[in-house]
Amino acid sequence: MVRLSRLCYNGVGMRRFILTFLAVLSMVCQAAYTSYDINARVYDGAGLLDAGQASGLKSMINNIIDAYDFDVVIVTVNSLGGKSPEIFADDYFDYNGFGFGDNRDGILFLVSMENRDWHISTSGRGMQIINDARISEIKNKVVSYLSNGEYYEAFSHFIRMADSYIQSPRPTNIDLQKGGISSLAIVWVTAFVIALISVLFMSAQLKTARPQSMANDYAVRGSFHLTHRRDMFINTHTTRMPRPKEDSGGGGVHTGSSGRSHGGGGGKF
Amino acid sequence: MSVLEYKCPACGGTLLFDSESQRMKCPYCDSEFDTKEVSESESPDIFKLESKELSQEEKAGMIVYGCPSCGGEIVGDSATAATFCPFCGNTAIIPQQLTGMLRPDLIIPFKVTREAARDALKSFYKGKALLPSVFRQQNRLESIKGIYVPFWLIDCEAHASIQYKATNVQVWSDAYYNYAKTDYYRLYREGGVNFERIPADASTKMDDAYMESIEPFDYKAAVNFNTAYLSGFFADKYDVDSGAAKQRSDQRVRNSIISLFRSTVTGYATCESVSVNLRLSHGKLRYALLPVWMLNTQYNDKIYTFAMNGQTGKFTGALPMSRGKFFIWFFGLFVGLGAIGTLIAVML
């Protein structure tokens with residue numbers, strides 16, 4: 001009490017107290033009402049979009065951010081500066097402070113014209129919502145537009161698909177069937193083969209009366225001997241095959257240089 | 001033709017060979033005798049009866065004896081060497097089937113009792129998931145017979161020279177290419193191995209697959225043949241000649257020596273034989289009677305046969321399969337594994 005009253009009677013102390021209070025108040029307000037820079041969400045470094053297209057994408061992104069607190073970022077560059085598309089995309093997301101909430105929920109779509117790479121980086125909630133199966137769905141839809149140079153169509157389809165995924169956050173079986181038909185087929189084929197082998201093994205146990213094909217039990221111990229034994233090297237032959245170009249990589253969860261983990265995937269177009 | 005019985009010196013009952021004590025035992029007065037002590041009592045008035053009504057073919061395969069105990073007719077086929085009288089149940093040994101060329105060189109006496117064979121059948125049912133549930137309750141043990149099965153024991157020296165071609169592969173890659181370097185080799189192996197006393201089923205009545213799957217017998221327990229061991233069991237003489245038996249054992253020897261040679265080829269990625277030269281020479285041939293319990297059970301008007309090694313207790317047979325259980329297990333495993341796999345796939 002004594003200390004507080006001393007502070008209050010001291011004019012300088014009083015002013016400092018109020019200033020500090022206001023600063024804290026404004027931080028709290030900022031956290032509640034996240035203010036963000038919509039212009040930073042579409043960075044067209046490679047100049048693939050005209051001004052009208054860029055503002056169209058921005059307003060689509062704006063709607064998603066307002067509705068779901070989920071960040072969507074589109075980046076085009078002419079050079080990755082020596083980084084891999086995956087690392088570039090993850091770093092761009094992390095170091096520009098994208099993503100909402102504690103887990104930085106969001107998704108970033110990177111297009112690099114240097115080697116015609118595309119990459120999608122997911123973060124926070126985005127890692128669960130847009131899983132590998134959905135990444136490959138996006139890929140199937142979007143990459144052909146990229147290849148044809150229809151960048152605006154590619155990005156707008158990407159944003160619309162991201163929107164619909166956020167609305168049904170749990171990947172359903174239908175998604176799996178569309179995107180992960182191969183993985184489900186592998187699961188069931190494997191189950192079929194294991195089940196078949198198991199029951200065939202069980203039925204084989206019913207009949208133990210089988211002819212013996214060998215006479216090893218009756219070989220006189222120590223009587224097996226080799227009089228000649230020769231291993232001759234004849235020739236050698238080396239083949240050389242060009243390494244296949246990596247089409248798609250960077251799936252699964254990985255940790256970027258900032259220490260945050262990302263999902264996603266990418267490839268060439 | 002005479003039929004043999006071993007009479008108990010104490011009470012005159014018919015002596016039987018007892019697998020547990022490995023001695024002759026009288027089932028009436030419990031007296032026990034060594035197999036060498038007992039003397040054969042051949043009834044002098046034994047006669048061979050020939051039935052008039054049977055066809056020539058049937059007669060050829062069938063021989064009728066008079067029982068020395070009760071005089072009843074004992075019908076055997078041309079291979080029967082020891083059997084039982086259907087009227088008085090006494091054991092009947094026909095020594096003519098086991099003399100001269102037909103005399104076995106050795107015999108392995110029964111070690112496993114009838115009760116043990118019966119128990120082995122029950123434990124054979126255990127752990128068989130596809131066995132029809134009602135089989136255990138509904139099948140009836142039709143017969144359980146101790147049979148001395150004739151075997152040829154074949155000695156064989158095998159010599160082989162085999163050529164193989166083999167490769168080794170190394171793979172590596174640099175930034176632009178994948179490389180595969182294949183080294184080619186030519187290998188040669190020559191040598192031999194000796195086999196002793198490979199058993200070959202010498203009875204046409206016995207299924208070769210059953211006889212081979214209750215192998216091996218332990219020849220250390222083999223003894224010189226003595227008809228006394230047959231008392232209380234069935235016995236057949238051989239009706240497969242040694243030449244046919246050798247063909248079967250030679251096949252096994254060939255497979256064995258090829259696999260033995262292949263095991264000397266190590267350190268290669270692939271290996272296949274280019275030429276195989278085998279030379280087999282047969283040594284001693286022995287004729288043996290080996291102990292086998294044969295069990296028959298009936299289920300749904302079908303007979304199921306089981307065989308047990310009368311020395312080691314090794315059991316073999318063929319059980320029926322329940323189609324229903326087969327499909328239940330198959331679909332259960334398929335759906336169960338598939339569901340777990342899908343769940344994991346969805347979670348990932």
Side-chain angles (χ1 to χ4, degrees), chain A residues 131-133 170-173 175-176 180 183-184 186-200 202-220 222-244 252, chain B residues 127-131 161 173 175-198 207-210 212-213 215-216 249 252-253 255-256 259-260 264 307 315-321 326 329-331 333-338 341-342 345-346 348:
Chain A
N131 60 2
D132 288 353
R170 290 195 59 148
T172 60
N173 274 340
D175 291 324
L176 280 170
S183 69
L184 267 192
I186 289 166
V187 163
W188 284 95
V189 167
T190 311
F192 184 89
V193 171
I194 293 174
L196 193 67
I197 289 172
S198 308
V199 286
L200 288 180
M202 278 154 45
S203 73
Q205 278 186 324
L206 292 170
K207 190 180 178 203
T208 58
R210 261 179 240 103
Q212 305 252 5
S213 64
M214 304 267 209
N216 289 7
D217 286 343
Y218 306 98
V220 178
S223 74
F224 178 55
H225 61 282
L226 288 179
T227 51
H228 290 87
R229 180 190 184 123
R230 230 177 19 243
D231 289 25
M232 265 185 316
F233 173 73
I234 304 290
N235 60 2
T236 185
H237 180 70
T238 305
T239 58
R240 195 181 71 168
M241 294 282 287
R243 296 184 73 161
Chain B
K128 306 278 195 285
L130 300 185
L131 187 68
S161 56
S173 45
Y176 304 104
Y177 292 99
N178 291 326
Y179 299 88
K181 175 167 166 271
T182 312
D183 294 335
Y184 295 88
Y185 297 88
R186 186 53 68 100
L187 319 177
Y188 181 72
R189 299 281 186 275
E190 189 181 331
V193 59
N194 299 341
F195 295 89
E196 255 182 26
R197 298 196 273 198
I198 305 165
D207 186 328
D208 285 359
Y210 276 75
E212 286 179 17
S213 50
E215 283 180 23
S249 77
R252 293 174 63 179
V253 166
N255 293 340
S256 268
S259 91
L260 278 170
T264 68
F315 200 91
T316 193
L319 290 167
M321 186 183 74
F326 183 91
W329 271 95
F330 173 72
F331 281 111
L333 282 170
F334 175 52
V335 172
L337 289 170
T342 308
V346 168
L348 290 179

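Residue numbers begin at 1 in each chain, while the letters A, B, ... track the order of the sequences.
Across Ala215(A), Ala191(A), Pro211(A), the residue that shares the most heavy-atom pairs under 4.5 angstrom with chain B is Ala215(A). Annotation: maximal heavy-atom pairing with chain A below 4.5 Å, among Asn255(B), Leu130(B), Leu337(B), Asn194(B), occurs at Asn194(B). Your options are Gly317(B), Ala129(B), Gly341(B), Ala318(B), and the one with the most heavy-atom pairs under 4.5 Å with chain A is Gly317(B). In terms of heavy-atom pairs under 4.5 Å with chain A, the best-connected choice from Tyr184(B), Tyr210(B), Phe326(B) is Tyr184(B). Between chain A and the residues Leu131(B), Leu187(B), Val253(B), the largest count of heavy-atom pairs under 4.5 Å involves Leu187(B). The candidate with the highest count of non-hydrogen atom pairs below 4.5 Å against chain A, out of Leu333(B), Asp207(B), Leu319(B), Leu260(B), is Leu319(B).
Heavy atoms of Tyr176(B) lying under 4.5 Å from chain A belong exclusively to its backbone. For chain A, the nearby part of Ser259(B) is the side chain; its heavy atoms alone come within less than 4.5 Å. Both the backbone and the side chain of Arg240(A) come within less than 4.5 Å of a heavy atom of chain B. Neither the backbone nor the side chain of Phe331(B) comes within contact range of chain A; no heavy atoms are under 4.5 Å apart. Heavy atoms closer than 4.5 Å to chain A are found in the backbone of Arg197(B), but not in its side chain. The parts of Asp183(B) that come within reach of chain A are both its backbone and its side chain, each placing non-hydrogen atoms under 4.5 angstrom from that chain.
For the pair Ser173(B) (side chain) and Asn178(B) (backbone), a donor-acceptor distance under 3.5 Å is absent.
With a 6.0 Å radius and a threshold of 12 heavy atoms from other residues, nucleotides or ligands, Met241(A) has its CE atom at or below the threshold. For Trp329(B), the CH2 atom counts as loosely surrounded, since its 6.0 Å shell holds 12 or fewer non-hydrogen atoms of other residues, nucleotides or ligands.
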**Message:** Could you walk me through whether Glu190(B) and Tyr188(B) satisfy the side chain to side chain donor-acceptor pair (under 3.5 Å) test, starting with their C-alpha distance in whole Å, then the side-chain angles of each, then the deciding distance to 0.1 Å, before giving a yes or no?
**Reply:** CA-CA 7 Å; Glu190(B) 189 181 331; Tyr188(B) 181 72; 2.7 Å; yes
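Contact annotation: the side chain of Gln212(A) approaches that of Glu215(B) to within less than 4.5 Å [non-hydrogen atoms, C-beta and beyond].
Aromatic ring centroids of Tyr218(A) and Phe195(B) lie 6.0 Å or more apart.
Thr264(B) and Arg189(B) make their closest contact through OG1-NE, 3.0 Å (heavy atoms, listed as atom of the first residue, atom of the second, distance).
Under the 4.0 Å criterion applied to side-chain N and carboxylate O atoms, Asp217(A) and Arg252(B) are not assigned as salt-bridge partners.
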